[in-house]
Amino acid sequence: MLFRSMAVIKIRDFQDTAAIVVPSRTILRDVNQNPYLFVLEGDKAIKKSIETGMSSDGYTQITKGIKADVKIIDKGSRGIKDKEIVAIK
């Protein structure tokens, strides 16, 4: 008699402790498929063009366009415009 087994193995193939990583759902694309996201500056949503790196488990590395200390807008980001005043709840 043969027994069949299945295992799930996760292998870390990349690690960068200084990487900027955001939830993939916060990354939007313009009509030319260029990636961007919105960050909060004061009370305004500011559109920031970005370059992305590797993605895994719902998160994407940002290689260019924002710094580590910015506040990224997540909820409702698809319905706002650049430089629009937003409220934080």
Side-chain angles (χ1 to χ4, degrees):
M1 182 185 317
L2 293 174
F3 292 96
R4 298 188 189 261
S5 300
M6 185 166 87
V8 176
I9 299 173
K10 289 190 175 191
I11 299 172
R12 180 178 293 161
D13 61 347
F14 177 78
Q15 182 173 343
D16 183 352
T17 56
I20 298 171
V21 180
V22 300
S24 299
R25 68 179 177 272
T26 63
I27 299 172
L28 307 170
R29 295 200 177 265
D30 63 19
V31 294
N32 296 317
Q33 295 300 307
N34 298 314
Y36 68 95
L37 47 72
F38 283 102
V39 299
L40 186 64
E41 289 184 10
D43 62 350
K44 292 185 180 177
I46 305 297
K47 180 180 175 179
K48 294 285 187 176
S49 295
I50 56 170
E51 290 182 15
T52 59
M54 300 183 75
S55 293
S56 180
D57 293 327
Y59 291 89
T60 300
Q61 177 187 20
I62 305 300
T63 58
K64 197 173 195 181
I66 62 169
K67 295 182 180 180
D69 60 347
V70 299
K71 294 180 182 176
I72 297 168
I73 297 174
D74 183 359
K75 306 272 190 216
S77 63
R78 296 188 189 283
I80 58 178
K81 294 181 172 54
D82 189 26
K83 299 178 184 161
E84 184 174 345
I85 295 175
V86 294
I88 300 172
K89 293 184 179 183

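Basis for what follows: all heavy atoms, side chains included, without hydrogens, waters or symmetry-related copies. Quantities reported herein were computed from a predicted structural model and do not represent experimental measurements.
Under the side-chain contact (heavy atoms from CB on, under 4.5 Å) rule, Ile20 has a single partner from Thr63, Ile72, Ile66, which is Ile66.
With contacts defined as side-chain heavy-atom distances shorter than 4.5 Å, the pair Leu28/Ser77 qualifies.
When the side chains of ILVMFWY residues are joined at heavy-atom separations under 4.5 Å, either directly or via intervening members, Ile46 and Ile62 end up in a single hydrophobic cluster. Both Val39 and Val22 sit in one connected hydrophobic cluster of ILVMFWY residues. Membership requires side-chain heavy atoms under 4.5 Å apart, directly or through other members. Put simply, Ile27 and Val21 are part of two different groups of oily side chains (I, L, V, M, F, W, Y) that touch within less than 4.5 Å, one to the next.
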task = Check the pair Ile73 / Ile80 against side-chain contact (heavy atoms from CB on, under 4.5 Å), numbers first and verdict last.
result = CA-CA 10 Å; Ile73 297 174; Ile80 58 178; 4.1 Å; yes
ask   = Stepwise, does the side-chain contact (heavy atoms from CB on, under 4.5 Å) test hold for Ile88 with Leu40?
value = CA-CA 10 Å; Ile88 300 172; Leu40 186 64; 3.1 Å; yes
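Geometric assessment of Lys47 against the ring of Phe38 yields a negative cation-pi assignment under the 6.0 Å and 45° thresholds.
Shown here for Ala19 and Gln61, the closest heavy-atom pair between the two residues is CB-NE2, 3.8 Å. Summarising the geometry of Lys44 relative to Val86, their closest heavy-atom pair is C-CG2, 4.3 Å, with the distance given to 0.1 Å.
For the pair Asn32 (side chain) and Asn34 (backbone), a donor-acceptor distance under 3.5 Å is absent.
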Contacts table for residues 48-56: side-chain donor-acceptor under 3.5 angstrom, sequence neighbours left out:
residue	atom	partner	partner atom	Å
Ser55	OG	Thr60	OG1	2.8

